[in-house]
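See structure below.
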Amino acid sequence: MRIDMTGEPGDPRRPNEDYVSAALPSSGEGGALVLLDGVTPPRGGTGCVHGVPWFTARLGGSLLQLATAQRDLTLDACLAEAISSTAAAHGSICDLSHSRTPQATVVAVRWNEERVEHLVLSDSALLVEAPGGSVTEVLDTRLDRLPEHVRTLRDQVRALPEGSPERGAARDEYVGAVEALRNAPGGTGFYTAAADPGVASLAVTGSTPRADVRALLALSDGAARWSQTFRHGDWAALLAFVRKEGTAALIAAVREAERADPHGTAHPRGKRHDDASAVFAELGGPEPVGT
Ligand SMILES: [Zn+2]
């Protein structure tokens, strides 16, 4: 069993709003990993006196603890309980009904000798490698299915020069449109872990026989840029790169690509640099064919 993880803020002067952790409990062949990507609030209030790192540390710590110690609870039940206990930790001074209350994307994986269970909510990614070397991605694709007018607004933002007033105004409009869809009732938008435990049941979940899993790789969207934005290779190539070079090298490669295209002209993206995190777990088993 080998676990390699790296997290790096997009801007070294600002706190990293991603969260990564992993545990290898002492009994059996089990383990768990958790990766969160905290949603950076746009300008304006959040109704909360706590910051996003406060939130992700509590939610992520609670989720990892529940996933490893409460093996009788499903991962979505663990997430629901972690959301509830984190909501209680805010205290009565915070308005948790505020649409900008601290919130995060979630990847959680738990394994034992028999099964590998997974949960994905919002736009962080999980890659699962089979013993033969094939890679399956587990994605919550709701964000890719945003209504056309929102996708049009996003493309307009990305086409404008970074730092220009026009881009700022277009970005405010796009952010407002996205906010209206986040955790909206009725199933038309997308969901993040905030203060409502009910969203846990909307996560993408599943389980795989342990014998069919050789390695796992969880990525925040800042790290997934290697494939999704910079097109260095597909998911299988990304996982092969991480196995060989490590998670720190993955994020270094993303930063290099970002610096080479500082204004996003060749590779349009929301922010020049984003918080980037990756956790790679090699569960063991036969070597993949061809490596
Ligand atoms: Zn708070």
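Basis for what follows: all heavy atoms, side chains included, without hydrogens, waters or symmetry-related copies. Along the sequence shown, residues carry numbers from 1. We count ligands from 1, going down the list as the structure has it; atoms in each ligand are counted the same way.
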Run the salt bridge (charged side-chain N to carboxylate O under 4.0 Å, His left out) check on Glu258 and Arg255 step by step: do they pass? CA-CA 5 Å; Glu258 288 167 343; Arg255 295 291 181 242; 3.0 Å; yes
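- Taking the six-membered ring where the residue is Trp, His90 and Trp54 present tilted rings, their angle falling between 30° and 60°.
- Using a cut-off of 4.0 Å between Lys/Arg side-chain N and Asp/Glu carboxylate O, Asp275 and Arg14 are scored as not salt-bridged.
- The Zn ion (ligand 1) lies at the vertex of an angle of 110° between the SG atom of Cys94 and the SG atom of Cys48 (rounded to 10°).
- Taking each heavy atom of Ala108 and Leu75 in turn, the nearest pair found is O-CD1, 3.7 Å.
- The name of the N, O or S atom in His50 nearest to the Zn ion (ligand 1) is ND1.
- Distances from the Zn ion (ligand 1) to each N, O or S atom of His90 single out ND1 as the nearest.
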